[in-house]
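Excluded from the calculations below are hydrogen atoms, water molecules and symmetry mates; all remaining heavy atoms, backbone and side chain alike, are included.
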Amino acid sequence: MKDYDEKNALSIEKYSQQLIGHSFSEFCPIENQSNKGNLGQIIERYFFHYECNNDSRPDFPMAGVELKVTPFKELKNGKFSAKERLSLTKINYMEVVHEECFEKSHLWEKCKLILLIYYKYIAGIRNIDNKIYYAKLFTPPQQDLLIIKNDYYFIVEKIRQGHAHELSESDTLYLGAAPKAAKNTDKTKQPYSNIPAKPRGFSFKNSYMTYILNNYIVPGKQTYEKITKTPTTNFEQYVTNKINQYKGKSVYELCKEFGIEYKEQSLSTIEKKDGQSSQHKHGTGFPPKNLEAILAYRMLGITSNCAEEFVKAGIVVKTIRIEKTNKIRQNMSFPSFKFQELIDEHWDDSTFGNYLRETRFFFVVYKFDDNHILRLKGSQFWNIPYNDLEEDVHQVWEKTKAVISNGLKIEVKNGRKCNNLPKQSENRVCHVRPHAKNSSDTYELPDGRHYPKQCFWLNNSYIYSQLNESLK
């Protein structure tokens with residue numbers, strides 16, 4: 001007889017909390033500890049005492065509860081972060097397109113009530129020796145569920161259009177279509193197209209799992225401010241509409257409206273007109289770059305620089321300034337990479353490739369008018385198109401890897417160090433250039449030399465081409 005009522009979700013949860021403070025190895029017989037089996041299977045077999053099976057129903061079908069074991073990390077600053085996305089169920093391309101609605105989908109059956117077992121991952125020890133910290137039932141709250149449903153419908157519609165091979169985690173917010181293949185070359189059939197597609201599964205994104213941990217699981221944690229005060233069926237449209245209410249206003253006017261002190265900066269870099277400073281009489285000189293991002297949050301009703309929905313979805317806010325000549329002055333930078341780590345990677349699981357595959361951006365666009373006044377143009381959500389990533393960015397990444405592997409060539413021209421990494425003129429989408437504080441801010445090359453930190457940049461001309469026409 002089992003020590004819990006398998007028909008009662010709360011009984012299952014209460015029983016599971018006996019796991020807290022214990023490692024997986026404490027429940028698994030010594031003779032089976034060398035087996036690298038799934039940690040979830042250990043909990044199922046040796047703690048809940050039921051045999052693992054291929055039943056498509058939830059793990060506790062009579063209670064409608066799905067069991068998920070998932071790791072988290074403690075960061076250097078003491079904060080908790082999910083170590084990975086949470087796999088929910090494999091996407092059957094041939095069947096999912098015939099599901100009537102989200103509420104009748106196999107996905108919803110597997111995620112409407114989840115028993116989350118969070119364990120703390122510590123590098124260097126056997127996975128089975130990691131300790132369990134939390135065991136709690138979770139169901140997506142209504143506000144999250146509206147976004148999850150939209151994500152589901154977007155993914156299914158893309159499959160119905162014959163584009164399963166172009167699915168990307170950056171397409172959506174909380175629910176992703178994550179790769180599920182033993183090898184990067186694994187492909188499967190899809191309906192409505194003869195092009196094979198990577199096997200994928202529905203998953204809650206890493207960013208959403210981090211939010212769940214810190215705000216629904218760990219007791220006493222404070223939540224971030226919400227952009228949407230009441231549930232909305234189209235979050236992205238809601239956000240862009242809020243920004244559009246301020247369309248046409250200058251940075252100075254926005255600062256005044258939100259009570260932000262506006263400090264003028266040096267105008268030496270600003271175009272002069274008739275030999276005079278191009279400063280507007282209201283002090284609309286060249287503002288500090290992060291000011292536009294601060295204003296974006298204020299326009300969305302957020303008093304800090306963190307919005308709950310953006311944190312959950314891992315949305316990255318990028319502000320863009322367009323010159324009156326219809327050009328963007330700045331390229332878009334990303335974190336610097338370590339030379340040795342990059343050449344040890346493969347493209348399909350590369351740090352930069354995965355970042356672009358998984359990240360959705362929120363562009364807030366400002367433009368200088370004919371009087372050199374910086375005004376809000378509007379905003380848009382964006383993720384890199386599949387072909388641009390897998391063709392153009394892939395080419396630059398491969399060349400970067402080859403250049404570093406073969407020995408970076410460094411020449412001094414006019415007193416400056418030059419290299420043979422991919423230049424902006426070589427590719428329409430991206431390039432590599434320095435991302436260091438100064439010449440002594442370096443990483444070690446594979447051959448032992450030190451060289452200033454480098455990073456991938458999206459070309460300013462490419463970013464401009466991706467903007468909606470209304471923002472140009």
Side-chain angles (χ1 to χ4, degrees), residues 170 240 243 247 250-251 265-272 278 284-296 315-337 352-353 355-357 359-370 372-400 403 416 418-437 452-472:
S170 63
T240 53
I243 295 291
K247 189 174 180 179
S250 70
V251 168
Q265 300 232 322
S266 169
L267 301 177
S268 60
T269 58
I270 297 184
E271 183 181 349
K272 307 280 186 172
S278 61
T284 51
F286 214 65
K289 186 162 186 174
N290 69 335
L291 176 62
E292 291 102 284
I294 293 170
L295 288 172
I315 292 171
V316 175
V317 178
K318 292 282 189 181
T319 57
I320 296 170
R321 292 179 183 171
I322 302 177
E323 304 295 320
K324 62 176 185 154
T325 55
N326 293 326
K327 293 182 179 179
I328 298 173
R329 179 179 297 183
Q330 299 292 331
N331 299 295
M332 186 174 290
S333 67
F334 296 88
S336 56
F337 55 79
F352 186 54
Y355 181 81
L356 290 179
R357 288 184 191 100
T359 303
R360 193 154 181 80
F361 296 89
F362 181 55
F363 291 162
V364 182
V365 183
Y366 299 80
K367 185 176 181 179
F368 286 100
D369 66 14
D370 291 338
H372 311 285
I373 299 171
L374 191 59
R375 295 185 180 277
L376 176 69
K377 289 290 290 184
S379 63
Q380 75 177 76
F381 286 88
W382 179 84
N383 58 284
I384 191 165
Y386 178 85
N387 288 338
D388 293 353
L389 174 63
E390 299 299 336
E391 294 175 9
D392 297 86
V393 178
H394 185 189
Q395 289 171 8
V396 171
W397 186 90
E398 290 288 0
K399 181 176 179 180
T400 302
V403 165
R416 296 182 62 187
C418 299
N419 60 57
N420 59 330
L421 290 167
K423 305 292 186 290
Q424 186 169 355
S425 59
E426 298 175 23
N427 187 281
R428 70 182 186 90
V429 176
C430 70
H431 64 284
V432 176
R433 58 188 292 201
H435 197 242
K437 298 174 184 176
K453 295 176 181 177
Q454 307 284 311
C455 82
F456 293 99
W457 299 67
L458 292 184
N459 299 346
N460 49 10
S461 55
Y462 172 71
I463 294 297
Y464 186 78
S465 74
Q466 296 299 297
L467 297 179
N468 297 334
E469 286 302 316
S470 61
L471 302 179
K472 296 180 179 179

Inset, instruction - Please round to the nearest 0.5 Å and tell me the distance separating atom CD of E323 and atom CZ of R329. - result: 4.0 Å

Legend entry - Steps toward side-chain contact (heavy atoms from CB on, under 4.5 Å) verdict (L458, V429): CA-CA 6 Å; L458 292 184; V429 176; 4.0 Å; yes

Inset, instruction - Kindly write out the residues that satisfy salt bridge (Lys or Arg N to Asp or Glu O under 4.0 Å) with E426, not counting sequence neighbours, or none if the list is empty. - result: K399

Inset, instruction - Check A296 against I243 and note the closest heavy-atom contact, atom names and distance. - result: O-CD1, 3.9 Å

Inset, instruction - Indicate yes or no: at least one non-hydrogen side-chain atom of Y366 is less than 4.5 angstrom from one of L291. - result: no

Inset, instruction - Under the ring-ring contact (aromatic ring centres under 6.0 Å, His included) rule, collect the residues that match up with Y386, sequence neighbours excluded. - result: none

Inset, instruction - Test side-chain contact (heavy atoms from CB on, under 4.5 Å) on F337 and T400 and set out the steps. - result: CA-CA 11 Å; F337 55 79; T400 302; 4.0 Å; yes

Inset, instruction - Return the set of residues passing side-chain hydrogen bond (donor to acceptor under 3.5 Å, both in side chains) with W382 (not counting sequence neighbours), or none when no residue passes. - result: Q466

Inset, instruction - Walk me through it: do F334 and F352 pass the test ring-ring contact (aromatic ring centres under 6.0 Å, His included)? - result: CA-CA 9 Å; F334 296 88; F352 186 54; 5.3 Å; yes

Inset, instruction - Take the angle between the ring planes of W457 and H431 and call it parallel below 30°, perpendicular above 60°, tilted in between. - result: parallel

Inset, instruction - Answer yes or no on whether K472 is positioned over the face of Y464, meaning its NZ or CZ is under 6.0 Å from the six-membered ring centre and within 45° of the axis. - result: yes

Inset, instruction - Can you measure from NZ (K437) to OG (S336) and round to the nearest 0.5 angstrom? - result: 10.0 Å

Inset, instruction - Working to the nearest 0.5 Å, report the span between CD1 of I328 and CG of L467. - result: 5.0 Å

Legend entry - S170 side chain to R357 backbone, donor-acceptor under 3.5 Å: yes

Legend entry - Over all atoms of both residues, closest heavy-atom pair of S333 and H435: OG-NE2, 3.7 Å

Inset, instruction - Might you work through the side-chain contact (heavy atoms from CB on, under 4.5 Å) test for N460 and K327, ending with a clear yes or no? - result: CA-CA 8 Å; N460 49 10; K327 293 182 179 179; over 6 Å; no

Legend entry - Interatomic spacing from CG in D369 to CD1 in I322 - rounded to 0.5 Å: 12.5 Å

Legend entry - Within-4.5 Å side-chain heavy-atom neighbours: V365 and Q380: no

Inset, instruction - Measure the CD-CG distance between Q424 and N459 for me, rounded to the nearest 0.5 Å. - result: 4.5 Å

Inset, instruction - Could you check if a side-chain atom of E292 sits within less than 4.5 angstrom of a side-chain atom of L374, using non-hydrogen atoms only? - result: yes

Inset, instruction - Decide yes or no for F363 and N468: does some side-chain heavy atom of the first lie under 4.5 Å from some side-chain heavy atom of the second? - result: no

Legend entry - Minimal non-hydrogen separation, R433 against Q454, with atom names: C-OE1, 3.1 Å

Legend entry - Atom pair OG/NZ of S379 and K247 - distance to nearest 0.5 Å: 9.5 Å

Legend entry - Closest approach of Y355 to T359 (non-hydrogen atoms, all atoms of both residues): O-OG1, 2.6 Å

Legend entry - Close side-chain approach of V364 to L376, heavy-atom, < 4.5 Å: yes

Legend entry - Reference residue V393; test side-chain contact (heavy atoms from CB on, under 4.5 Å); the match among L356, D388, N427, N387: L356

